[in-house]
> 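Take this structure first; my questions come after.
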Amino acid sequence: MRKLLGPYSDFLFAVLRIVAALMFVSHGLQKFNIAMVGGFVPPFFALTAAGWIETIGGTLLVVGLGTRYVAFVLSGEMAVAYFMSHAGTVLGPVSAPPGPGPHSFFPHLNGGEITVLYCFFWLYLAVRGPGLISLDRLLGWE
């Protein structure tokens, strides 16, 4: 496999970064009530702030600008989102019986799989950098 796909690893890493960032932008745009991406009106300010962070940060990652810093911030945002919205409620854990629901710590029970995946992918991107196909590389910042 290394011989077959190895020569394309830089290109495929760029595709992974760009596709993940575009999907992330769509999550940000939802919070601005953009109907095309299933928008809604955020019930509290933290979601509006998250919308700005996700939309601007995701756009910067699509083009690969400030990638390490942006990815680190987005990783932190996803960690906060997981513990605020998935592992508990906005005001803290709910006292409810065990089982599925937003009160469970486990991602497969509380709907937080994508949040955890984004958190660790952005952290990996912060450590690895944007790859060869990025504005960071073009500008000599990487």
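Because the structure is predicted, anything quoted here is derived from the model rather than measured. Positions are given from 1 along the sequence. Atoms considered below: every heavy atom in the structure, side chains included; atoms not considered: hydrogens, waters and symmetry mates.
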> So, does Asp136 use its side chain to make a donor-acceptor pair with the main chain of Trp141 at under 3.5 Å?
no
> Is Met23 reachable from Tyr124 through a run of I, L, V, M, F, W or Y residues, each pair having side-chain heavy atoms under 4.5 Å apart?
yes
> Would you say Tyr82 and Pro107 make side-chain contact, with heavy atoms under 4.5 Å?
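Yes; the side chains approach each other to less than 4.5 Å.
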> Within a 6.0 Å radius of atom CZ on Phe40, are there more than 12 heavy atoms belonging to other residues, nucleotides or ligands?
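Enclosed: over 12 neighbouring heavy atoms sit under 6.0 Å from CZ of Phe40.
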> Could you state the interatomic distance from CG (Leu132) to OG (Ser9), rounded to the nearest 0.5 Å?
8.5 Å
> Keeping Gln30 on the side-chain end and Val37 on the backbone end, is there a donor-acceptor pair under 3.5 Å?
yes
> For residues Arg68 and Glu142, determine if any side-chain heavy atom of one lies less than 4.5 Å from a side-chain heavy atom of the other.
yes
> So which atom in Val70 and which in Leu65 form the shortest heavy-atom distance, rounded to 0.1 Å?
CG2-O, 4.0 Å
> For residues Ala50 and Glu77, report the shortest heavy-atom separation together with the two atoms involved.
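Result for this residue pair: CB-OE2, 3.2 Å.
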> Does one hydrophobic cluster hold both Leu4 and Leu12, with members joined at side-chain heavy-atom distances below 4.5 Å?
no
> After noting the C-alpha distance and the side-chain angles of Phe11 and Ile133, does the key distance pass the side chain to side chain contact (heavy atoms under 4.5 Å, CB included) rule?
CA-CA 7 Å; Phe11 172 75; Ile133 304 170; 4.2 Å; yes
> Just verifying a value: how many Å separate Leu139 CG and Ser134 OG, rounded to the nearest 0.5 Å?
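Reported value, rounded in 0.5 Å steps: 8.5 Å.
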> Count I, L, V, M, F, W, Y as connected when their side-chain heavy atoms are under 4.5 Å apart, and connections chain through other members. Are Leu123 and Met78 then in the same cluster?
no
> Can a donor-acceptor pair be found, under 3.5 Å and without considering hydrogens, that links the side chain of Ser75 to the backbone of Cys119?
yes
> I would like to know whether Leu60 and Thr67 meet side chain to side chain contact (heavy atoms under 4.5 Å, CB included); could you show each step before the answer?
CA-CA 7 Å; Leu60 289 171; Thr67 304; over 6 Å; no
> Among the clusters formed by ILVMFWY side chains lying less than 4.5 Å apart, do Leu117 and Trp122 turn up in the same one?
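Yes.
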> Answer yes or no on whether Arg17 is positioned over the face of Phe121, meaning its NZ or CZ is under 6.0 Å from the six-membered ring centre and within 45° of the axis.
no
> Under 6.0 Å from the CZ atom of Phe72, do we count more than 12 heavy atoms belonging to anything else shown?
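Open.
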> Should Tyr118 and Leu74 be marked as a side chain to side chain contact (heavy atoms under 4.5 Å, CB included) after you check the CA-CA gap, both sets of side-chain angles, and the distance that decides it?
CA-CA 8 Å; Tyr118 274 133; Leu74 295 182; over 6 Å; no
> Rounded to the nearest 0.5 Å, how far does CZ of Phe24 lie from OG1 of Thr59?
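Answer for the OG1-CZ pair, Thr59 versus Phe24, is 11.0 Å.
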> Say whether Leu138 and Leu61 are linked into one hydrophobic cluster, either directly or through other cluster members, by side-chain heavy-atom distances under 4.5 angstrom.
yes
> Out of curiosity, Phe32 CZ to Leu29 CG, how far, rounded to the nearest 0.5 Å?
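Phe32 atom CZ to Leu29 atom CG measures 7.0 Å (nearest 0.5 Å).
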> Between Thr55 and Trp52 (side chain of the first, backbone of the second, donor and acceptor by atom type, cut-off under 3.5 Å), is there such a pair?
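Flag not set: sc Thr55 to bb Trp52 has no pair under 3.5 Å.
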